[in-house]
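Note sheet for the following structure.
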Protein chains: 2
Amino acid sequence: MNDGDGGAGSTAPRKRSDARRNERTLLDAAAAVFVTSGVEAPVRDIAARAGVGVATIYRHFPTRADLIIAVYRHQVEACAEAGPALLESSATPHAALERWVNLFVDFLVTKHGLAAVLRSDDPGFGALHAYFIDRLLPVCARLLEAAATAGEIRADVDAYELMRGVGNLCIGADNDPRYDARRLVELVIAGLRVRR
Amino acid sequence: MNDGDGGAGSTAPRKRSDARRNERTLLDAAAAVFVTSGVEAPVRDIAARAGVGVATIYRHFPTRADLIIAVYRHQVEACAEAGPALLESSATPHAALERWVNLFVDFLVTKHGLAAVLRSDDPGFGALHAYFIDRLLPVCARLLEAAATAGEIRADVDAYELMRGVGNLCIGADNDPRYDARRLVELVIAGLRVRR
DNA sequence: TATCGTTTCGGAACACGGTTCCGTTTGCTC
DNA sequence: GAGCAAACGGAACCGTGTTCCGAAACGATA
């Protein structure tokens, strides 16, 4: 949470320089390994890539979830911020919702194995699940609400359920040419529409 | 495939009695353990429950997928056979499709962890994936085709993609009270309908 | 029923990945 | 430069899947 150099200037003891350097190195290494081997790549691989010992990973990122969060934080933030922007720039709330969901799906399917781990009941990934929910659920809820208010979609859809469902649909969407998650998600979005 | 007592009387050397007994015992034990601990329960747990050594499991079921298949074969068969029956007994092909998909979903969500393993890219589960596809895909395709012919749904939906999507939606549907896979699947089915 | 060859068994051993521990090193402060 | 705390690295530990091999059980034969 606190990287040691910014902060509110309160009780942050500023980390040692090698610690900060390693943290950065680890993030880069993890990002690289995630691209080639997926987010479930062995910890040792990431450590080797970064040229550090495995314990250093655990020291900086107590759970694997923390590491994944740190690696993708920027992109998740961008996705979260895109919500309101899309709502403003789109012709209709439904269009905004659709575009936002596509953004989310594109993010998930390009990160090998991320969707699979997002819903994992493994307590080790609880933090990851929580982060995504905390950050994106309100955005999704806002879009849903706007579309429902505009009478474009059913009012009985729960944002959590939708996000969870979309996340699930993205699982394994890489490495299977016969399966296109985007099409299925599109089907769900179509199912949301009120029948006229 | 061949349990050693039936067969075409060709080259089946009839297995030893203890082997047959253990196979049955293992199936029962696995079924029991799957109910309480899910299909990803440790091999040792299943062996212990059956009162046999771990090697005995591997001897009878070379991969975990083979064991899972054997345990659920009856139910999968029943699901497959329900397809044509529903098509005949339902008012419309679309109704039959909906009911069949619900059957499939009910099956998946009541088997802890099965959906998660069904789509797994782990080669060890390839046989499981293949079995489900082999057995159920034609049934699903038939229902889709009938509904499409009747003009009730889009004609551009691929059966594989639908099954895969439905399977994905069922992942983790147990142990999360906020997530109801049935509702999401319903949304997909609704999305299939042609807009009038 | 006693013997023997073969099948099957059981558990130890191995492989592999996550996680923790501890002696050593490094950076910071004085 | 000395002292101290933070941080490090890699060995060790643990749980799980998988394989190996000596022992036991089976069933045919005499």
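The figures here come from the full heavy-atom set of this structure, side chains too, leaving out hydrogens, waters and symmetry mates. To find a chain, count down the sequence lines: A is the first, B the second, and so on, and within it residues start at 1.
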Can T63(B) and D66(B) be counted as having a side-chain donor-acceptor contact under 3.5 angstrom? yes

Taking [atom1] from [X] and [atom2] from [N], how many angstroms apart are they, rounded to a whole number?
| X | N | atom1 | atom2 | result |
| --- | --- | --- | --- | --- |
| R14(B) | dC26(D) | CZ | P | 14 Å |
| I46(A) | dG17(C) | CD1 | P | 12 Å |
| D122(A) | dG17(C) | CG | P | 16 Å |
| E23(A) | dC8(D) | CD | C1' | 15 Å |

Side chain to side chain contact (heavy atoms under 4.5 Å, CB included) partner of E152(A), chosen from T92(A), V194(A), L192(A): T92(A)

Applying salt bridge (Lys or Arg N to Asp or Glu O under 4.0 Å) as the test, list every pair that has at least one member in [range]; sequence neighbours left out.
| range | result |
| --- | --- |
| residues 92-112 of chain B | D106(B)-R182(B) |
| residues 25-53 of chain A | none |
| residues 134-147 of chain A | E77(A)-R135(A) |
| residues 55-65 of chain B | none |

For [X], which residues count as a salt bridge (charged side-chain N to carboxylate O under 4.0 Å, His left out) partner, sequence neighbours excluded?
| X | answer |
| --- | --- |
| D18(A) | R16(A) |
| R183(A) | E161(B) |
| D176(B) | R164(A) |

Output one letter per nucleotide in nucleotides 24-30 of chain C: B when a protein non-hydrogen atom lies under 4.0 Å from the base, S when only the sugar-phosphate is that close, - when neither is. --BSS--

Expected output is a numbered-order residue list: members of residues 36-44 of chain A with a heavy atom under 4.0 Å from any atom of DNA chain D. What is it?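 Heavy-atom contacts with DNA chain D come from R44(A).
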
Under 4.0 Å between a side-chain N/O of N22(B) and OP1 or OP2 of dT8(C), yes or no?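 Answer is no, no contact under 4.0 Å.
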
Starting from I171(B) and following side-chain heavy-atom contacts under 4.5 Å between hydrophobic residues (I, L, V, M, F, W, Y), which residues can be reached?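 Members alongside I171(B): I171(A).
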
Got a sec, which pairs hit ring pair (Phe, Tyr, Trp, His ring centres under 6.0 Å) with one end in residues 57-80 of chain A, sequence neighbours left out? Y72(A)-F107(A)

Which of residues 51-65 of chain B have a heavy atom under 4.0 Å from DNA chain C? G51(B), V52(B), G53(B), V54(B), A55(B), T56(B), R59(B), H60(B)

